[in-house]
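Written out below as structure tokens is the structure these notes cover.
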Amino acid sequence: MKILVINGPNLNMLGIREPGIYGSSTFADLLALLEQTGKEENLEIQQYQSNHEGDLVDKIQWAYGKIDGIVINPAAYTHTSVAILDALKAVRIPAVEVHISDVDAREAFRQISYAGMACEHTIKGHGLAGYREAILYLKAHYA
Ligand code: DQA
């Protein structure tokens, strides 16, 4: 099974950005976790991070016909991007939404998730472990 993990803006700053909210683990730690999960679970895991909305849309479109499941943390674009929602709906690849922080316990503007409307499942507030949970969810339901 081929899984694509997509991270949106500022997630490359993990470990530096607001550690009280996102923790002290770095983006490199996340990449290591993904690699380890792929090996342990015998999955082909690719990852992509961009700070640019259109690049995220391009990557979702690229996945069509190539990828069996998407794990996506659209970061701030979660709450604004109809384009990312439409891209996920267009490719119809099973997707799981991840948020490192518990967005429900934060500002009101973080309560809406456009991307989440096209996702099978959402994991919020479990830190980096949420990515592993999302991968295992896709494996359990779609492998
Ligand atoms: C986030 C939550 C978003 O509201 C925020 O804009 C992010 C990260 C999270 O992983 O908790 O950049 O998606």
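Ligands are counted one by one from 1 in listed order, and the atoms in each one are counted from 1 as well.
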Next on the checklist: I'd like to know whether ligand 1 has N73 as a neighbour, heavy-atom separation below 4.0 Å.
Outcome noted: yes
Next on the checklist: For the CG atom of L56 and the CD1 atom of I84, what is their distance to the nearest 0.5 Å?
Outcome noted: 5.0 Å
Checklist entry - Are there more than 12 heavy atoms of other residues, nucleotides or ligands under 6.0 Å from atom NZ of K66? => result yes
Item to check | Same apolar cluster (I L V M F W Y, side chains within < 4.5 Å links), L88/V57 | outcome: yes
Checklist outcome for this item: heavy-atom search around atom 2 (C) of ligand 1 in the protein gives V103 CG1, 3.6 Å
Checklist entry - Does at least one non-hydrogen atom of H79 fall below 4.0 angstrom from an atom of ligand 1? => result yes
Checklist entry - So, is A76 polar-close to ligand 1, with some N/O to N/O distance under 3.5 Å? => result yes
Checklist entry - Nearest to atom 9 (C) of ligand 1, what protein heavy atom do you find, and at what distance? => result I100 N, 3.3 Å
Item to check | Pair R132 + E41, salt bridge at N-O below 4.0 Å | outcome: yes
Item to check | Given I100, L128, L30, the one that forms side chain to side chain contact (heavy atoms under 4.5 Å, CB included) with S25 | outcome: L128
Checklist outcome for this item: For atom 7 (C) of ligand 1, the closest protein heavy atom turns out to be Y22 OH, 3.4 Å
Item to check | Subset of ligand 1 atoms that lie under 4.0 Å from at least one heavy atom of R17 | outcome: 7 (C), 8 (C), 12 (O)
Item to check | atom 1 (C) of ligand 1 - nearest protein heavy atom and its distance | outcome: H99 ND1, 3.7 Å
Checklist outcome for this item: In ligand 1, the atoms that come under 4.0 Å of a heavy atom of R110 are 3 (C), 4 (O), 5 (C), 6 (O)
Next on the checklist: Ring-plane angle category for F109 and H79, please: parallel below 30°, perpendicular beyond 60°, tilted otherwise.
Outcome noted: perpendicular
Checklist entry - Side chain, backbone, both or neither: which part of V98 has a heavy atom under 4.0 Å from ligand 1? => result neither
Checklist entry - Counting heavy atoms only, which part of E97 comes closer than 4.0 Å to ligand 1: side chain, backbone, both or neither? => result neither
Next on the checklist: If you count every heavy atom of other residues, nucleotides or ligands that lies below 6.0 Å from E35 atom CD, does the total exceed 12?
Outcome noted: no
Checklist outcome for this item: In this structure, atom 11 (O) of ligand 1 is nearest to the protein heavy atom S101 OG, 2.6 Å
Checklist outcome for this item: CG (L4) and CD1 (I72) are apart, to the nearest 0.5 Å, by 8.5 Å
